[in-house]
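Only a predicted model underlies this, so the values are computations on that prediction, with no experimental measurement involved. Chain A is the first sequence line, chain B the second, and so forth, proteins listed ahead of strands; every chain is numbered from 1.
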2 protein chains.
Amino acid sequence: MSGLGIEDAGPQLGRNLTYGMLDAIGRAIVVGDYDGAIFPTEAELAKQHGVSRSVTREAVKMLTAKGLLSARPRQGTIVQPTTSWNLFDTDVLRWLLERQFSIDLLRQFNELRVAIEPEAAALAARVATVDDIERVNAGLKRMERAERGEDDTLESDIAFHIAVLRASRNPFYAQFRDVVSTALRTSIRFTNRVKGRTANVADHAAVRDAIANGNPDKARKAMRALISDVLELIETAKPDGAAAGR
Amino acid sequence: MSGLGIEDAGPQLGRNLTYGMLDAIGRAIVVGDYDGAIFPTEAELAKQHGVSRSVTREAVKMLTAKGLLSARPRQGTIVQPTTSWNLFDTDVLRWLLERQFSIDLLRQFNELRVAIEPEAAALAARVATVDDIERVNAGLKRMERAERGEDDTLESDIAFHIAVLRASRNPFYAQFRDVVSTALRTSIRFTNRVKGRTANVADHAAVRDAIANGNPDKARKAMRALISDVLELIETAKPDGAAAGR
DNA sequence: CAAGCCGTTTAAATCAGATAAATGTGATTT
DNA sequence: AAATCACATTTATCTGATTTAAACGGCTTG
């Protein structure tokens with residue numbers, strides 16, 4: 001019980017005590033601090049963090065809502081298996097990334113993107129409105145400016161990809177904005193390290209054109225090319241790439 | 001055994017007052033009961049539902065964690081725009097479906113599936129373990145039994161699709177099990193109504209074979225065919241297919 | 001008139017302490 | 001051996017008070 005550092009971390013992301021505790025416990029769970037151990041009772045948790053039981057209970061309830069905990073009388077509060085965590089929750093995503101850089105996680109992110117984004121582009125080519133296309137175009141223009149050093153490379157790239165998601169006019173696709181921006185923020189650092197090259201504006205323009213011209217197949221292929229590129233980079237960087245036996 | 005699925009929806013929802021209130025308010029928000037109106041204060045909510053403020057606060061906190069609400073002193077609690085709802089949360093998904101049958105929602109579900117599942121099948125063909133393949137195969141066998149009236153058609157179909165998601169060995173894909181099973185439960189009713197035919201076992205077997213043989217492209221195409229089929233059915237049933245302006 | 005300052009006020013946030021309900025565990029009874 | 005009961009433990013719930021955050025309006029000041 002001594003190993004748990006209750007570093008209150010000063011003036012961090014917690015708007016208030018409850019959110020601060022949510023963040024602290026959430027991170028601890030994701031990092032694996034409670035893996036073998038039994039999870040503290042709400043009274044113990046409150047004492048450890050120096051807050052009232054109300055704050056503790058509300059933080060625990062939020063973590064329950066995100067799939068990280070479950071609670072029953074007499075049995076106590078227990079950490080749920082990772083399979084029941086809500087991985088598309090912004091907080092969970094953040095905690096997952098904060099624990100450490102993992103090529104595995106980066107690969108899984110992009111394996112998801114390669115499913116979502118090409119199809120989003122294809123959808124967009126069918127149903128995007130002029131406003132949607134304008135937003136995609138705006139993202140592209142920012143990328144062009146970034147190429148000349150007049151804007152931020154990463155942020156403009158993110159803006160482009162999110163604009164495409166929105167242009168699909170399907171709320172489920174739009175939901176991936178956090179995953180995609182997170183993946184891009186992480187990927188960029190990695191790809192820049194492996195291969196010093198910026199995002200290819202021309203390749204992105206192909207996606208924009210296909211969407212604007214209402215060509216779903218071309219949009220899908222163009223977007224897929226963009227992400228496959230990153231994915232291959234990641235997989236070549238990982239020597240233990242299975243292939244064993246299969 | 002009556003052949004019906006596990007049907008007792010009752011017990012889980014209202015395990016206690018907090019979860020009951022979570023469900024009631026969540027449904028009310030999704031249905032749109034609070035759309036124009038101002039959201040009640042926690043004191044008012046407590047009184048309206050006949051529970052204490054603690055229960056109310058915990059329910060509100062869970063809804064906040066799911067992206068449906070946000071709260072600040074003096075401003076009060078407010079319903080968040082749908083864009084910030086966590087659509088992949090099981091509860092949100094359920095509330096969304098409970099409000100009414102919507103072809104739009106059904107279409108959006110399947111537009112997502114057509115991105116996720118083919119790619120999951122392709123991944124599975126590359127990385128699935130023998131256990132994974134066995135699970136996929138078990139799902140298929142259940143479908144065969146169902147064809148002979150010895151098992152439940154819907155449940156076996158769901159088992160198959162979820163097995164493929166798991167076989168991708170990517171936790172993000174596995175996360176879609178709720179969306180997929182929900183979509184299937186809804187789709188089946190619809191497709192059966194429109195076109196009296198059961199899921200095609202042979203087409204599903206093609207997916208299984210491609211995965212077992214380690215052929216990603218074939219697996220992707222076979223799975224895509226399955227879902228495109230449903231999607232087309234849905235789109236033909238919807239006369240107002242946009243095209244306006246484009 | 002505009003901009004900044006400052007109480008007032010309202011709602012959430014937090015605390016404290018008590019009671020209720022659920023549920024494993026183990027002893028007791030049948 | 002099985003069913004039952006008593007008990008301990010932990011979450012669930014209730015109550016009422018206090019504190020803090022922030023929107024509002026009025027006031028002062030440049």
OP1 or OP2 of [N] under 4.0 Å from side-chain N/O of [X]:
X       : N      : answer
A/Ser54 : C/dA13 : no
A/Arg57 : D/dA12 : yes
A/Thr18 : C/dT14 : yes
A/Arg72 : C/dG24 : yes
B/Thr41 : C/dT10 : no
B/Ser52 : D/dT13 : no

Walking DNA chain C from its 5' end, the first of A/Val51 and A/Gln75 to be reached, judged by nearest nucleotide, is A/Val51
Closest nucleotide of DNA chain C for B/Arg74 versus for A/Leu17: which of these residues is on the 5' side?
B/Arg74
[atom1] of [X] versus [atom2] of [N]: gap in Å, rounded?
X       : N      : atom1 : atom2 : result
B/Leu22 : D/dA12 : CG    : P     : 13 Å
A/His49 : C/dT14 : NE2   : P     : 14 Å
A/Ile78 : D/dT9  : CD1   : P     : 20 Å
A/Arg15 : D/dA21 : CZ    : C1'   : 12 Å
B/Tyr19 : D/dT11 : OH    : P     : 13 Å
B/Arg53 : C/dA11 : CZ    : C1'   : 11 Å
A/Lys47 : C/dT14 : NZ    : C1'   : 19 Å

What distance do B/Glu111 atom CD and A/Arg169 atom CZ have between them, rounded to the nearest 0.5 Å?
12.0 Å
Could you check whether any side-chain N or O of A/Arg177 sits under 3.5 Å from a backbone N or O of A/Leu165, counting only pairs where one atom can act as donor and the other as acceptor?
no
Considering only side-chain heavy atoms of [X], which listed nucleotide, [options], is closest?
X       : options                : answer
A/Lys61 : D/dA22, D/dA12, C/dT23 : D/dA12
B/Glu58 : C/dA12, C/dT14, D/dT13 : D/dT13
A/Val55 : D/dT11, C/dT14, C/dG24 : C/dT14

Ring-plane angle category for B/Phe176 and A/Phe88, please: parallel below 30°, perpendicular beyond 60°, tilted otherwise.
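Tilted.
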Over 60° means perpendicular and under 30° means parallel, so classify the ring planes of B/Phe160 and B/His204, tilted if in between.
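Perpendicular.
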Donor on one side chain, acceptor on other, A/Ser70 and A/Gln80, under 3.5 Å:
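There is such a pair (donor and acceptor under 3.5 Å, judged by atom type) between the side chains of A/Ser70 and A/Gln80.
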Taking any heavy-atom pair under 4.0 Å as a contact, classify B/Glu42: base, sugar-phosphate, or nothing.
sugar-phosphate
